[in-house]
Amino acid sequence: MASLAQKLTRITGEIFAAQGLKAEFGVVKVSDRPDLAQFQCNGALAAAKAAGKNPREIASVVAEALKRRRECSKIEIAGPGFININVTDEFLAAHLAGLGENSGVEQNAKGTVVLDYGGPNIAKPMHVGHLRSSIIGDALRRIMKFAGYNALGDVHLGDWGTPMGQIISELELRGRLDKPVTMDELEEIYPAASKACKEEEARAERARAATVKLQDGDPTYTKVWKNFIDVSIAGMKKNFDALGVHFDLWKGESSVHSRIAPMVESLKKKGLAVESEGALVVPVAKSDDKKEMPPLILYKRDGAVLYSTTDMATIVERVEENKPAKIIYVVDQRQNLHFEQVFRAARLSGIAADNMELTFAGFGTMNGTDGKPFKTRAGGVMKLEDLIKMGVEKARARLAEAGLEQNDDIANKVAIAAIKFADLQNNRIADYVFDLDRMTTFEGKTGPYLLYQAVRIKSLLKKAGADEKTAARFVIKDEDRKLALLLTELPDYFAAALRDYAPHVLCDYAFKLAQEFSSFYGSCHIISEPDAALRASRLALCDLTYRQLALVLGLLGIQIPEKM
RNA sequence: GCACCCGUAGCUCAGUGGAUAGAGCGCUGCCCUCCGGAGGCAGAGGCCGCAGGUUCGAAUCCUGCCGGGUGCGCCA
């Protein structure tokens, strides 16, 4: 099970090895020049340099050997030593017929992976800043799970820092510590408290004291805190459900509180944690650092812990409870220095063993069409809930306009597909422009376009009859070949997405596949094809296309409606 | 000031050592007696920020510069 290019790589690698050259030179990939060939191998050039030989000489030996293989139909050498490879239609057809349920994707990864994404804060309504983390993190979780990992998504709530003290002290000042709060109240109380603390030092001091008291386990404060945590989580779950974002673990900064004191003790004993400017810190700078590397702070001057402390303790907990092979942080790119510090401290202390991967998978800012951070028209922060609502409205309007089938389920799926695909198709690290109008025009490279194509295939298969879509063998005509070849590539795209934590690679594949299918669909008739074997083969291509689209969209967290 | 990220078509973005740099939107022209036209086919549009360097070969690697974003000890 592999892609067609991987099979060819194996064959070509053996040929290089037989000449005493490294098998790695035999890498075959889909050709950059489809007008010249289906596949190419550029290894002769690099091999020539390594062996001190003429590249065309090596290429011609490899080409001769390839010509003797029955998998290959046409082998040519071009330019300085490119080897152009075409496969026989029989080989292509056999490859497609041999694909299992998952199109040859490797699924033998082992071990546990914890993915840290979402990261909503208690008492604050979720906003668009949480959107990227949630969407990307959830997609990566699905991708890693599909690869075979025991992939665990952890929401990592911001439920233990300074804002908690701000809210508690605000409630106390208002004399209503004893009454449960509602989400609406919280949405008013937190900004008010935060503003007051910024404006007045004494008020901020009060909040800091409340934070410490809470973290020290004060029973009254704890009870109040638990109440607004519950209220807040209920609100978050609504948002995450609407987005179709899943978490396996609902832990937060507070869940590791009991681990902090022993961890700090151990760090002190090892001489890693030292006092500095009234705080307790772990110096993490190295002598060869090019940049200034501030120390990681464990205890602030006022004795409270902060995110660096909880992030460290969270690693302690994950190592103990989950024994992960990797921990992946899907967090705003702006936090990379912080995580660099955390990772260094974790390595120095041995909390993170050298063979455990710690990856900061940062993402860029979501900007508005003006290129500046996304805001509401009034200039405020847009709530995630409102944004989703707007997306659904647009989807509904567009469905009506196009005269397509519509109901709540379809409108929701179209809206979520639009929002997720628009986000995921961008390179994770770069900033991206969020343009609701653009992504909901439903034309071109959008989520709804992909849904439309998928639904269209499904409808066609239904019309053809369910039992006819499994061909005994594939028949490759000129009209079928491009689609057939593309359908062999999924394992390569999947591997790249997995390796680089890059969902956009899968977006690319889904879009290419939908486009290639449209082209195929336009160039030949399927249901009315008189040749029974060809008709069956084409229906099988449709079926395979649909299954791959559903698979890839599923990995991105996008659901296909039954109809639209 | 120092560090990191980004700079590719009018706009939004792919492409990190290979041939003639791609896609979507927008623009021009075709295609509905045919399975769902949110579509297909064809075309115009590019000193790959600038200047050096490494290499048989550079959008891709190195150095310097210019432009934009971000970060740099008690917020997350």
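Naming: A, B, ... by sequence-line order, numbering from 1 per chain.
One can place NE2 of A:His525 at 12 Å from P of B:U33, the figure rounded to the nearest angstrom. Protein atom CD1 of A:Ile83 is 16 Å distant from nucleotide atom P of B:G18, rounded to whole Å. Put simply, CD on A:Gln425 is 14 Å from C1' on B:G22, counting in whole angstrom units.
One cannot find a donor-acceptor pair under 3.5 Å joining the base of B:A76 and the side-chain atoms of A:Asp311. Side-chain to base pairing of A:Ser276 with B:G73: one donor and one acceptor N or O lie within less than 3.5 Å of each other. In terms of polar N and O atoms assigned as donor or acceptor, the side chain of A:Ser459 comes within less than 3.5 Å of the base of B:G36 in a complementary pairing. Not a single donor-acceptor contact under 3.5 angstrom links the side-chain atoms of A:Gln515 to the base of B:A23.
The pairing partner recorded for B:C13 is B:G22, the criterion being a Watson-Crick or G-U wobble arrangement whose two distances lie under 3.5 angstrom. Across all strands shown, B:G1 forms a Watson-Crick or G-U wobble pair, both distances under 3.5 Å, with B:C72. The base-pairing partner of B:G52, taking Watson-Crick or G-U wobble contacts with both distances under 3.5 Å, is B:C62. B:C34 is unpaired under the Watson-Crick or G-U wobble criterion, no partner having all donor-acceptor distances under 3.5 Å.
Comparing atom distances between the A:Tyr449 side chain and each of B:G18, B:G26, B:G40 picks out B:G40 as nearest. The nucleotide whose nearest atom lies closest to any side-chain atom of A:Lys291 is, among B:U55, B:G39, B:A3, B:A3. Residue A:Tyr521 places its side chain closer to B:C35 than to any other of B:C72, B:C35, B:A76. The side chain of A:Asp32 lies closest to B:G18 when the candidates are B:G26, B:G18, B:C41. When distances are taken from the side chain of A:Tyr307 to each of B:A19, B:U12, B:A76, the shortest belongs to B:A76. The side chain of A:Leu460 lies closest to B:C35 when the candidates are B:G40, B:C56, B:C35.
Rounded to the nearest Å, the gap between the C1' atom of B:A21 and that of B:U8 is 8 Å. The gap from the C1' atom of B:G26 to that of B:G45 amounts to 11 Å, rounded to the nearest Å. The separation of B:G22 from B:A59, taken at their C1' atoms, amounts to 12 Å, rounded to a whole angstrom. The separation of B:G24 from B:G18, taken at their C1' atoms, amounts to 27 Å, rounded to a whole angstrom.
Here A:Gly444 lies in heavy-atom contact (under 4.0 Å) with sugar-phosphate atoms only. Note on A:Cys524: a base of the nucleic acid sits closer than 4.0 angstrom, heavy atoms only. Nucleic acid contact for A:Asn84: base, since at least one base atom lies under 4.0 Å from a heavy atom of the residue. Counting non-hydrogen atoms under 4.0 angstrom, A:Glu253 reaches the backbone sugars and phosphates but no base. Residue contacts for A:Leu45: at a heavy-atom cut-off of 4.0 Å it reaches a base atom on one of the strands shown. Residue A:Leu36 is classed as a base contact, given a heavy-atom separation below 4.0 Å to a base. Heavy atoms of A:Pro448 sit nowhere under 4.0 angstrom from any nucleic acid atom. Here A:Met564 lies in heavy-atom contact (under 4.0 Å) with a base. A:Asn336 comes within 4.0 angstrom of the backbone, heavy atoms only, and of no base. Counting non-hydrogen atoms under 4.0 angstrom, A:Asn427 reaches the backbone sugars and phosphates but no base. Within 4.0 Å (heavy atoms only), A:Ile526 reaches at least one base atom of the nucleic acid.
Under a cutoff of 6.0 Å and an axis angle of 45°, A:Arg428 and A:Tyr501 do not form a cation-pi pair.
Considering A:Asp332, A:Asp423, A:Asp431 in turn, A:Asp423 is the only one that fulfils the salt bridge (Lys or Arg N to Asp or Glu O under 4.0 Å) rule with A:Arg132. Checking A:Ile526, A:Leu486, A:Thr545 one by one against A:Phe520, the side chain to side chain contact (heavy atoms under 4.5 Å, CB included) holds for a single residue, A:Ile526.
Between A:Phe339 and A:Ser308, the closest side-chain pair of non-hydrogen atoms is not below 4.5 Å. Contact check for A:Tyr307 versus A:His338: side-chain heavy atoms found under the 4.5 Å cut-off.
The aromatic ring of A:Phe82 is not stacked on the base of B:G18, since the criterion of ring centres less than 5.5 Å apart with planes inclined by under 30° is not met.
Salt bridge annotation for A:Glu489-A:Lys512: absent, with no cationic side-chain nitrogen under 4.0 angstrom from a carboxylate oxygen.
Between the side chain of A:Thr365 and the backbone N or O of A:Pro373, no donor-acceptor pair lies under 3.5 Å.
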Does the pair A:Gln453 and A:Arg456 meet the rule for a side chain to side chain donor-acceptor pair (under 3.5 Å), with working shown?
-> CA-CA 5 Å; A:Gln453 295 299 348; A:Arg456 194 162 69 153; 2.9 Å; yes
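B:C32: glycosidic angle within 90° of 0, hence syn.
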